[in-house]
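Report on one structure; see the data block that follows.
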Amino acid sequence: MLQIIPNWHPIFVHFTVALFTTTTAFYLFSYLIGFLKGFSNKVAIEFEVVGHWCLWLVAMITIGTVLAGLYAFNTVRHDEAGHIAMTIHRNLALTTATGIVLLAIWSGWRYYKSTKTTIVFLLGLLIVQVLLISTAWLGGELVFRHGLGVMAMPKEEGEGHHHHHDGVEEPSLDHPNMPNMENHEHHVGKE
């Protein structure tokens, strides 16, 4: 099998986030179009059909996302602070994934019964959307704050290591917007 470094989780998770957000948008458009003059009911029906298919597809992809995430949880090298952050991310991700799968089952039942989108269903989508964004943010924190899944940090070349990218100078390490690393050991584990 093709080896992805560090693993497949970052690939699957982007599909989950993008497709569920698309799902939520299509269901919202489907519901709101019914209140607008000038749009036929056909457009609302088509948007709802797209919402159904996106939700069913994202539920299947989310299962792969969770499996790859559990594999990452058990294999990615980490320290104590990273472990705590990973555990919070995992727990929220499992809650979010459960919500996605339950909404997909509900959507399938509604499709089978030919019922319209309700405000309660939309509220469920919006709650899971907030959970998904929170989970994704925590995942970003794992990579960019805790360095999980990163092979190695680039090494600075020479003192100061200043150079230009297409005419834009990189900020120096003593730039006011750069984090101060002098007391780094003091801050590790307190986040």
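Residue numbers count from 1 along this sequence.
Remark: T65 pairs with T16 by the side-chain hydrogen bond (donor to acceptor under 3.5 Å, both in side chains) rule, at least two apart or across chains. Partners of F26 under the side-chain contact (heavy atoms from CB on, under 4.5 Å) rule, at least two apart in sequence or in another chain, are T22, F47, V50. Residues satisfying the side-chain hydrogen bond (donor to acceptor under 3.5 Å, both in side chains) test with T24, not counting sequence neighbours, are Q129.
With values rounded to the nearest 0.5 angstrom, L125 atom CG is found 6.5 Å from L55 atom CG. We find the OG1-CG distance between T62 and L57 to be 9.0 Å, quoted to the nearest 0.5 Å.
With a 6.0 Å radius and a threshold of 12 heavy atoms from other residues, nucleotides or ligands, Y111 has its OH atom at or below the threshold.
Among residues at least two apart or in separate chains, side chain to side chain donor-acceptor pair (under 3.5 Å) pairs with a member in residues 98-107 are Y27-S107, H52-S107, W56-S107.
The hydrophobic cluster containing L94, built from Ile/Leu/Val/Met/Phe/Trp/Tyr side-chain heavy atoms closer than 4.5 Å, also comprises V66, L70. Counting Ile, Leu, Val, Met, Phe, Trp and Tyr side chains that sit under 4.5 Å apart, directly or through other members, L67 shares a hydrophobic cluster with I63.
The hydrophobic cluster containing M60 also contains V128, counting ILVMFWY residues as joined when their side-chain heavy atoms lie under 4.5 angstrom apart, directly or transitively. V101 and Y112 fall into different hydrophobic clusters, where Ile, Leu, Val, Met, Phe, Trp and Tyr are joined by side-chain heavy atoms under 4.5 Å apart, directly or via other members. In the hydrophobic clustering of ILVMFWY residues, with side-chain heavy atoms under 4.5 Å counting as a link, L92 and I127 come out together.
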